[in-house]
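Everything numeric in this text was worked out from a predicted model, so none of it was measured. Below, each value reflects all heavy atoms present in this structure, side chains not excepted, and no hydrogens, waters or symmetry copies. Within every chain, numbering begins at 1; the chains are lettered A, B, ... in the order of the sequence lines, protein sequences first and strands thereafter.
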Number of protein chains: 2
Amino acid sequence: MLRLSKLTDYAVVVLVRLAGMEGVQTSPGIAAATGIPEPTVAKVLKTLAAGDLVSSQRGAKGGYRLNRDLAAIPVSDVIAAVDGPIALTACVDGSASECESQGLCPMRGRWDPVNDAIQSALSRITLADMQVALLPAFRTPVAQVPFQSAAE
Amino acid sequence: MLRLSKLTDYAVVVLVRLAGMEGVQTSPGIAAATGIPEPTVAKVLKTLAAGDLVSSQRGAKGGYRLNRDLAAIPVSDVIAAVDGPIALTACVDGSASECESQGLCPMRGRWDPVNDAIQSALSRITLADMQVALLPAFRTPVAQVPFQSAAE
DNA sequence: GTTATCCGGACTACCACAGTCCTGATTGTT
DNA sequence: AACAATCAGGACTGTGGTAGTCCGGATAAC
Ligand code: FES
Ligand code: FES
């Protein structure tokens, strides 16, 4: 189904939310703002921090802060940070010891151009593009700052 | 990891093999030629037949035959036939009832352009492109293999 | 010192995928 | 007519990754 993980979806939500504020933001705060459960938000943030997409400030008054502008974060970076490197098949480049019959398999490295095409397409779309996609024409501030009171 | 299923990989192998012969080919024959286990090959063939990529001839002397030329089969068609429609997230278009909080989620339909970009990139690459990638002039798989771990 | 927050991992439940197999239906061969 | 070969369509199970939660420890402000 060529599906990416929900964590990546959450990551985009969190990053966009993170970009909307100036100072650092805490995990519970983002969780409350986005409606995503707090533990999951914390997990996503930690993953993003490991991927150098966000910076963390420990201790009281701590939180997370966006490292780069949304326009400088392609979707491929988020996917790579959360889901790992983009590898359509087991035999693209990194993991070459997956196929049982490598010597006779006619697919050796065949998917590389396909994989690269996807990577290229994903690199061209930044989070800023996804952000503006949700603002139709009128500025509906409610749309970008939703509250999750109905979430149950 | 944005990985597609191994069945899709097998499907490409099978389709390329199917294009190399003139008449119909049986499941065991393709299995023997490709090294893929027979039951798996049969499953892939049945899936491809359901997707109208191959035609089947039942009974003795039966087998499978390619419907369209390799150049007319984009990779996206194979993926769609085997793995189902390309849907990066649960909320692209077809399945709109996946998100628990659709009304407040700021990602509603956000992935659509990303999904479309991938679909477009995949539509531009045909099986013929992947085929020529592996046949330089002769079948010398060792030439383009940097290092073979020879795990098997 | 206390409190709030992040860090790093372990842990479990679940679901899609991978692979196999079985019972019919169809068709050519003997 | 009987037989053999092949596809059709499903059911079935094991495995692996994902989703989500949780805990003890480190860090820094108050
Ligand atoms: S599928 Fe990767 S080498 Fe065969
Ligand atoms: S993630 Fe799909 S609508 Fe929220």
Within this structure, what is the [atom1]-to-[atom2] distance between [X] and [N], rounded to whole angstrom?
X       : N      : atom1 : atom2 : result
B:Arg3  : D:dT15 : CZ    : C1'   : 12 Å
B:Leu45 : D:dG9  : CG    : P     : 13 Å
A:Ile79 : D:dT18 : CD1   : C1'   : 16 Å
A:Gln25 : C:dT5  : CD    : P     : 12 Å
B:Leu4  : D:dG17 : CG    : C1'   : 15 Å
A:Ile30 : C:dT5  : CD1   : P     : 12 Å
A:Leu48 : C:dC7  : CG    : P     : 11 Å
A:Asp83 : D:dT18 : CG    : C1'   : 9 Å

Consider only side-chain heavy atoms of I, L, V, M, F, W and Y, link residues closer than 4.5 Å, and tell whether B:Ile125 and A:Ile118 are in one cluster.
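Yes, same cluster.
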Between B:Lys43 and B:Thr26, just flag the one whose closest nucleotide in DNA chain D comes earlier from the 5' side.
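Its nearest nucleotide lies further toward 5', so the answer is B:Thr26.
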Without placing hydrogens or testing angles, list every side-chain donor-acceptor pair under 3.5 Å for residues 36-62 of chain A, not counting sequence neighbours.
from	atom 1	to	atom 2	distance (Å)
A:Thr47	OG1	A:Lys43	O	2.9
A:Ser55	OG	A:Asn67	OD1	2.3
A:Ser55	OG	A:Asn67	ND2	3.4

From D:dC7, C:dC6, C:dC17, pick the nucleotide closest to the side chain of B:Ser5?
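For B:Ser5, the side-chain atoms sit closest to C:dC17.
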Output the single nucleotide from C:dT20, D:dA19, D:dC7 whose closest atom is nearest the side chain of A:Lys6.
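That would be D:dA19.
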Residue pair [X] / [Y], side-chain heavy-atom distance below 4.5 Å:
X       : Y       : answer
B:Tyr10 : B:Ser5  : no
A:Val14 : A:Tyr64 : no
A:Ile30 : A:Leu18 : yes

Rounded to the nearest 0.5 Å, what separation is found between the CZ atom of B:Arg17 and the CG atom of B:Leu15?
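The distance works out to 13.0 Å.
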[N] phosphate, OP1 or OP2, under 4.0 Å from [X] side-chain N/O:
X       : N      : answer
B:Tyr10 : C:dG19 : yes
A:Ser56 : C:dC7  : yes
B:Ser27 : D:dC7  : yes

Sugar-phosphate or base contact per nucleotide [nucleotides 22-30 of chain C; S, B, -; heavy atom under 4.0 Å]:
--BBBBS--
Determine all donor-acceptor pairs shorter than 3.5 Å in which one atom belongs to a side chain in residues 69-79 of chain A; sequence neighbours excluded.
from	atom 1	to	atom 2	distance (Å)
A:Ser76	OG	A:Ser123	OG	3.2

